[in-house]
Amino acid sequence: MVKIIGAGPGAKDLITVRGMRALQEADVIIYAGSLVNEELLEYAKKECEIYNSAYMNLDEVIDVIVKAEQAGKKVVRLHTGDPSIYGAIREQIEVLATHGIQCEICPGVSSFLAAAAALNCEYTVPEVSQTVILTRMEGRTPVPEKEKLSLLAQHGASMAVFLSAGHLKELQEQLCEGAYTPDTPCAIVYKASWAEQQCIKTTIKELEQKAREAGITKTALVLVGDFLGEQYAFSKLYDPEFQTEYRK
């Protein structure tokens with residue numbers, strides 16, 4: 001049984017207790033070195049074999065896992081954030097299944113959650129937005145035609161845009177083709193929860209310029225929507241005139 005573990009987006013202590021224990025017990029850890037904070041490897045025991053998948057292709061990752069499983073070793077595949085979001089885990093799970101190896105997934109803390117925490121904000125603000133769209137700009141990896149960012153932007157919902165810090169000019173244009181305006185508030189969060197974290201609140205029209213001035217070109221998440229603005233309504237849940245099964 002291979003354990004696919006989601007860590008946090010950066011900070012060593014943003015990992016579940018279950019994930020931490022899996023790292024402590026592992027005989028072999030394969031971690032996504034381009035994104036995972038290497039401080040997480042401090043949880044591993046001294047004799048643990050550690051591989052950086054940033055230098056490996058899928059076949060090489062599978063080969064390490066299969067050999068370790070055959071040797072009766074405990075294997076952890078360590079991903080950044082939550083592996084269910086841009087984690088490329090399905091292909092690993094299905095190839096391992098052809099070798100008779102099962103996987104168990106441990107959820108992690110996604111960067112879109114850490115970014116909101118860094119900004120002290122809430123995506124689902126009453127009477128502003130009750131929907132969160134997680135997406136990315138099209139780059140070398142295409143997106144389905146019906147998921148073009150300009151189409152998703154028509155909803156005007158709260159949006160977290162992954163893997164797009166190098167395409168901010170195009171991002172601005174596509175956002176404004178939808179329900180957003182150049183003055184819609186947005187933010188760019190660089191390396192959320194890392195020691196070098198940067199948070200810049202701005203508007204769509206100034207997004208690319210502000211990021212350029214800060215030297216941000218990658219490893220950043222863009223948040224867009226009126227949830228970052230000043231207007232909002234109080235939740236009905238705690239309204240003294242709103243009855244619930246617990247409060248009448």
Colleague: Would you say that more than 12 heavy atoms from the other residues, nucleotides or ligands in this model lie under 6.0 Å from the CD of Gln231, or not?
Modeller: no

Colleague: Measure the shortest side-chain to side-chain distance between Leu58 and Gln92 over non-hydrogen atoms and say whether it is less than 4.5 angstrom.
Modeller: yes

Colleague: Do Gln174 and Glu170 get their side chains close enough for a donor-acceptor pair, meaning under 3.5 Å?
Modeller: no

Colleague: Are the side chains of Gln70 and Val66 in contact, using a 4.5 Å heavy-atom criterion?
Modeller: yes

Colleague: How long is the straight-line distance from CZ of Arg90 back to SG of Cys103, given to the nearest 0.5 Å?
Modeller: 13.5 Å

Colleague: Any chance CD of Glu196 has more than 12 other-residue heavy atoms, nucleotides or ligands included, within less than 6.0 Å?
Modeller: yes

Colleague: If you count the non-hydrogen atoms of other residues, nucleotides and ligands that lie under 6.0 Å from CD in Glu213, is the total more than 12?
Modeller: yes

Colleague: Check the side chains of Asp82 and Ser84 for a donor-acceptor pair under 3.5 angstrom, ignoring hydrogens and angles.
Modeller: yes

Colleague: Between Asn37 and Leu40 (side chain of the first, backbone of the second, donor and acceptor by atom type, cut-off under 3.5 Å), is there such a pair?
Modeller: no

Colleague: For Gln102 and Val2, what are the C-alpha separation, side-chain angles and deciding distance, and is it a side-chain contact (heavy atoms from CB on, under 4.5 Å)?
Modeller: CA-CA 6 Å; Gln102 294 184 320; Val2 175; over 6 Å; no

Colleague: For a 4.5 angstrom cut-off between non-hydrogen side-chain atoms, does Leu221 reach Leu223?
Modeller: yes

Colleague: Quick one: closest heavy-atom pair of Ile15 and Ala7, and the distance?
Modeller: CG1-CA, 4.2 Å

Colleague: Side-chain heavy atoms nearer than 4.5 Å, only ILVMFWY residues, links allowed to pass through others: does that put Phe234 and Val125 together?
Modeller: yes

Colleague: What's the spacing between Met137 CE and Leu168 CG if we round to 0.5 Å?
Modeller: 8.5 Å

Colleague: Using the ring of Tyr43 (Phe, Tyr or Trp, six-membered ring only), decide whether Lys12 places NZ or CZ under 6.0 Å from its centre and within 45 degrees of its axis.
Modeller: yes

Colleague: Minimum heavy-atom separation for Val161 to Ser164, with atom names?
Modeller: CG1-OG, 3.4 Å

Colleague: Say you draw a straight line from CE of Met56 to CG of Asp63; how long is it, rounded to the nearest 0.5 Å?
Modeller: 8.0 Å

Colleague: For Tyr190 and Lys218, indicate whether the former's side chain and the latter's backbone hold a donor-acceptor pair under 3.5 Å.
Modeller: no

Colleague: Checking Val75 against Glu69 for the side-chain contact (heavy atoms from CB on, under 4.5 Å) test, could you report, in this order, the C-alpha distance in whole Å, the side-chain angles of both residues, the deciding distance, and whether it holds?
Modeller: CA-CA 7 Å; Val75 182; Glu69 284 284 311; 3.9 Å; yes

Colleague: Between atom OG of Ser158 and atom CG of Leu228, what is the distance when rounded to the nearest 0.5 Å?
Modeller: 7.5 Å

Colleague: Taking the basic N atoms (NZ, or NE/NH1/NH2) and the acidic carboxylate oxygens, is any pair closer than 4.0 Å for Lys73 and Glu49?
Modeller: yes

Colleague: For residues 107-120, which residue pairs qualify under side chain to side chain donor-acceptor pair (under 3.5 Å), counting only residues two or more places apart or in two chains?
Modeller: none

Colleague: So which heavy atom on Leu14 is nearest to which on Pro9, and how close?
Modeller: CD1-CD, 4.1 Å

Colleague: Can you find a heavy atom in the side chain of Met20 that is under 4.5 Å from one in the side chain of Asp13?
Modeller: no

Colleague: Taking Ser129 for the side chain and Thr124 for the main chain, is one N or O donor matched with an acceptor at less than 3.5 Å?
Modeller: no

Colleague: Does Tyr86 belong to the same Ile/Leu/Val/Met/Phe/Trp/Tyr cluster as Val222, with side-chain heavy atoms less than 4.5 Å apart forming each link?
Modeller: no

Colleague: Do Leu171 and His167 touch side chain to side chain, with heavy atoms closer than 4.5 Å?
Modeller: no

Colleague: Just so I know, are the side chains of Ile29 and Tyr51 near enough to count as touching, which here means a heavy-atom distance under 4.5 Å?
Modeller: no

Colleague: Where the side chain of Tyr180 meets the backbone of Pro185, is there a donor-acceptor pair that is under 3.5 Å apart?
Modeller: no

Colleague: Ile5 and Ile85: same hydrophobic cluster, using ILVMFWY side-chain contacts below 4.5 Å?
Modeller: no

Colleague: Of all the heavy-atom pairs spanning Gln154 and Ala179, show the shortest one and how long it is.
Modeller: O-CB, 3.4 Å

Colleague: Considering all heavy atoms of both residues, which atom of His155 and which atom of Leu151 are nearest to each other, and what is their separation?
Modeller: CD2-O, 4.2 Å

Colleague: From Leu23 CG over to Lys3 NZ, what is the distance, rounded to the nearest 0.5 angstrom?
Modeller: 10.0 Å

Colleague: Going from CZ on Arg77 to CG on Leu96, what distance comes out if it is rounded to the nearest 0.5 angstrom?
Modeller: 10.0 Å

Colleague: Are any non-hydrogen side-chain atoms of Lys45 and Asp27 less than 4.5 angstrom apart?
Modeller: yes

Colleague: Checking side-chain polar atoms at under 3.5 Å, does Thr217 have a donor or acceptor matched by the opposite partner on Arg212?
Modeller: no

Colleague: Taking atom types as modelled, is there a side-chain donor on Tyr31 or Glu38 under 3.5 Å from an acceptor on the other?
Modeller: yes

Colleague: Under the criterion side-chain contact (heavy atoms from CB on, under 4.5 Å), I'd like the reasoning laid out for Ile30 against Val76: C-alpha separation, chi angles, the key distance, then a yes or no.
Modeller: CA-CA 6 Å; Ile30 305 171; Val76 164; over 6 Å; no

Colleague: A side-chain contact here means heavy atoms from C-beta on lying under 4.5 Å apart; do Ile50 and Leu41 qualify?
Modeller: yes

Colleague: Minimum heavy-atom separation for Glu177 and Ser150, please, with both atom names.
Modeller: OE1-CB, 3.4 Å

Colleague: Determine whether a donor-acceptor pair (N or O, by modelled atom type, separation under 3.5 Å) exists between the side chain of Thr203 and the backbone of Thr184.
Modeller: no

Colleague: Kindly write out the residues that satisfy side chain to side chain contact (heavy atoms under 4.5 Å, CB included) with Leu152, not counting sequence neighbours, or none if the list is empty.
Modeller: Ile133, Thr135, Met159

Colleague: Less than 6.0 angstrom separating the ring centers of Phe227 and Tyr232, yes or no?
Modeller: no

Colleague: The test is side-chain contact (heavy atoms from CB on, under 4.5 Å); show your working for Ile204 and Cys176 and say whether it passes.
Modeller: CA-CA 8 Å; Ile204 290 176; Cys176 290; 3.7 Å; yes

Colleague: Can Leu163 be reached from Leu175 by stepping across I, L, V, M, F, W or Y side chains whose heavy atoms are under 4.5 Å apart?
Modeller: no

Colleague: If two hydrophobic side chains count as joined below 4.5 Å and joins carry through other members, does Leu134 share a cluster with Val128?
Modeller: yes

Colleague: Flag the pair Glu25 and Arg21 as a salt bridge only when some basic side-chain nitrogen lies within less than 4.0 angstrom of an acidic carboxylate oxygen.
Modeller: no

